[in-house]
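Comments concern the structure below.
For the single chain, residues carry numbers from 1 onward in sequence order.
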Amino acid sequence: MSRWLPDLCAFFNEIALGSSLFPNFAVLMEKLLSYIFKPVRENMLFFLALMAAMLMPNVTMNGIGALRNLYLFACATMQSCFLAYVLCLLVTLISNRTAKIIVEIVLLLPFAVIAVCDTGSLLATKNLISWMSVSLIMETTTGEAAGFLRQFMTPLNWLLLVLFCAATAGFVAFCMWLWRKAERSRIWSRLILSLIVIFAVGGLTLDIALCPLLGFHDYARLTLWSGMPLIRDNTSRHDYCTNGDPLTRYLYIFKNISLFSEDYDKWADNQQNIWNVTQPSANTDDFDIVVLIGETCIRKHFQVYGYHLPTTPYLQAEKDSGRLVTFDDVLAPSNYTTLSLRNVMSTNRLSDGEPWFSGAYFPMLVRKAGWDVYHYDNQARPSGSDVGLTKVFYTPLNMREVYTAVMDTTFYYNDMDYVEYVDSALVPYERPGKKMVIYHFVGQHFPYDERYPHPGRFSAADITADLPWLNDERRQQIADYDNATLHNDSVVGRLMERWQHRPAVMFYFGDHGDEVWDLGYAGVRNNEQWDDPAWV
């Protein structure tokens, strides 16, 4: 064990005894400072590596954001400084050099991995990893994850990620070189170490302010707390918890996801209670109910809503014949599948503040009214392990009482293959009588060029919008989306034809939309794009 801790105890014992306290005040202060500075002074390389790993993604984000988040960056620096100081204090207690190096590597590695992941997320989506992105990852299939990497992690982004790692290592080496020079000067070394300690004390103050984060057991209370100011009125705790130091951000992610998951338990309990108190209906109506849930539907790109390209010819023909009615006053609850559908499929009144888990799963009510319910999903399977749709659709009650049949196979790359499989393998086993059938497509989910058979009908030349942010690559992305929409129209049309000789009510809606270079320098669901001066 290092002599640092016993020496520190002896020093404070000297002060407690009061021996020559005032005559030797300067000497005692010198000793105090040496003890305070020692964890960083003796582990400066470890300290600098920790600080770089914790802060370089924030530095990159602030550069993209034209230094917009300087206040949040200063707070992140203070908290990172405090955490790095505490970890340096920990390794100072280890006297064996080999053991000390091993502990330093073990402590540094998680922060290095987080830094690489955060920077990759920043390059791909212009946002650091958040609880929303982690939730999305947890319910993303392998195919969707691979598609995401192909769509966003271009060769240039991979190169930039490698350069980021090299630049971070170079920056640490440069700072270490500067420290070696400053160490020769008593004044400069003391000044640097004093600033580190001051920042660490500021970080401790922020840690104390954020401590309630660990104590919440209710998602609504966490949401209210996160909306309150951190220190300045125009900076919320949520702003910091999603853009601050990595420890706080990942604690916030963990807390959000854990409380978020608890809502699903409440959902399952409420469904059982509602099922128990709801009486079956003696309804004698005889018609089918068909629910088609699209994925990533942008109304602006639908011909049936006035788009200039023929992306929905089948729907347009149905509208022209008077058999289809379009709605233009409906908004998706969220731009995220799970958040949207868990409200859409529940009877809660979101506009009145009713939580999604308080309502009844509306297919359950249809089942009670006398319809057989078939759930054919091309995204979420009953055997899935995600934290989102599976827990909404496939509760034990739904599997036991509500559904007559479900589908446990997905066709990620082609909804037409999915519909053909349902027609050939599942429809022949449906029971006669009135039924409710739910289809959930992959639709136009990115990457768009994987959502239609090639070659597509539209190309970049067909995207004639005169918008300053459009280039050939972005025009092709729009064309890919339009081709995916055209293919989706044929899938919907095939299902409409199945019911054209049977009394049926059919609902077709999207879970959410995307931004495909229509409104500004933003693609898919990114919040901000800093190459657009209007965002700054």
Side-chain angles (χ1 to χ4, degrees), residues 132-133 135-148 150-152 290-302 304-305 307 311-312 314-315 327 330-345 375-381 384 386 388-390 392-394 406-407 409-422 437-453 456 477-478 480-496 506-516 518 523-526:
M132 291 283 287
S133 57
S135 296
L136 186 60
I137 290 169
M138 293 176 70
E139 66 173 75
T140 296
T141 64
T142 303
E144 288 174 332
F148 176 87
R150 287 192 296 272
Q151 178 84 8
F152 297 106
V290 186
V291 179
L292 310 179
I293 305 175
E295 169 67 52
T296 316
C297 297
I298 308 174
R299 189 179 68 190
K300 184 175 181 179
H301 286 255
F302 276 50
V304 74
Y305 280 100
Y307 190 52
T311 55
T312 56
Y314 193 95
L315 293 179
F327 296 87
V330 180
L331 295 176
S334 173
N335 64 342
Y336 175 26
T337 299
T338 297
L339 294 182
S340 177
L341 289 186
R342 70 182 192 177
N343 281 285
V344 171
M345 303 300 283
H375 188 92
Y376 302 142
D377 201 302
N378 201 24
Q379 288 196 42
R381 295 176 298 164
D386 65 73
L389 293 180
T390 296
V392 173
F393 291 154
Y394 304 117
V406 297
M407 171 175 147
T409 303
T410 55
F411 297 80
Y412 177 70
Y413 291 102
N414 196 325
D415 280 325
M416 189 62 80
D417 292 342
Y418 147 66
V419 170
E420 290 176 352
Y421 172 81
V422 171
V437 187
I438 302 170
Y439 292 84
H440 183 198
F441 306 133
V442 174
Q444 293 96 295
H445 192 287
F446 61 81
Y448 312 130
D449 62 349
E450 295 181 0
R451 298 292 165 260
Y452 63 92
Q477 286 185 11
I478 298 173
D480 288 335
Y481 181 86
D482 290 345
N483 283 321
T485 304
L486 178 61
H487 178 64
N488 184 73
D489 180 74
S490 66
V491 175
V492 174
R494 176 178 176 129
L495 289 172
M496 286 185 169
M506 182 174 289
F507 301 92
Y508 172 47
F509 58 87
D511 58 349
H512 59 75
D514 265 7
E515 161 58 7
V516 190
D518 290 320
V524 191
R525 278 164 273 175
N526 298 342

### Message
Determine whether His440 and Gln379 satisfy the following criterion, side chain to side chain donor-acceptor pair (under 3.5 Å), listing intermediate values before the conclusion.
### Response
CA-CA 7 Å; His440 183 198; Gln379 288 196 42; 3.2 Å; yes
### Task
I would like to know whether Tyr376 and Val437 meet side-chain contact (heavy atoms from CB on, under 4.5 Å); could you show each step before the answer?
CA-CA 7 Å; Tyr376 302 142; Val437 187; 3.7 Å; yes
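Each of Thr296, Asp514, Thr485 was checked for a side-chain hydrogen bond (donor to acceptor under 3.5 Å, both in side chains) with Gln444, and the lone residue meeting it is Thr485.
Minimum heavy-atom separation, Asn343 to Pro333: CB-CG, 4.0 Å. For Asn378 against Phe411, the heavy-atom pair with the smallest separation is OD1-N, 2.6 Å. When all heavy atoms are compared, the tightest approach of Thr311 to His301 is OG1-O, 2.7 Å.
Here Asp511 contributes atom CG and Thr338 contributes atom OG1; the two are 9.0 Å apart, rounded to the nearest 0.5 Å. Taken to the nearest 0.5 Å, the CZ atom of Arg494 stands 11.5 Å off from the OH atom of Tyr314. Taking OG1 from Thr337 and CZ from Arg342, the interatomic distance works out to 12.5 Å, rounded to the nearest 0.5 Å. Considering OH of Tyr452 and CG of Asp482, their distance stands at 10.0 Å, rounded to 0.5 Å. The structure places CD1 of Ile438 at 9.0 Å from CG of Asp377, a figure rounded to the nearest 0.5 Å. Within the model, atoms CG of Asp480 and CG of Asp449 stand 5.0 Å from one another, a figure rounded to the nearest 0.5 Å.
Counting only N and O atoms by type, the side chains of Asn414 and His487 include a donor and acceptor under 3.5 Å apart. Inspection of the Asn488 and Tyr508 side chains reveals an N or O donor paired with an N or O acceptor under 3.5 Å.
For Tyr481 and Tyr448, the gap between ring centers is short of 6.0 Å. Here His375 and Phe393 bring their ring centres to under 6.0 angstrom of each other.
The aromatic rings of Tyr418 and Tyr439 sit perpendicular, their planes meeting at an angle over 60°, well past the 30° parallel limit.
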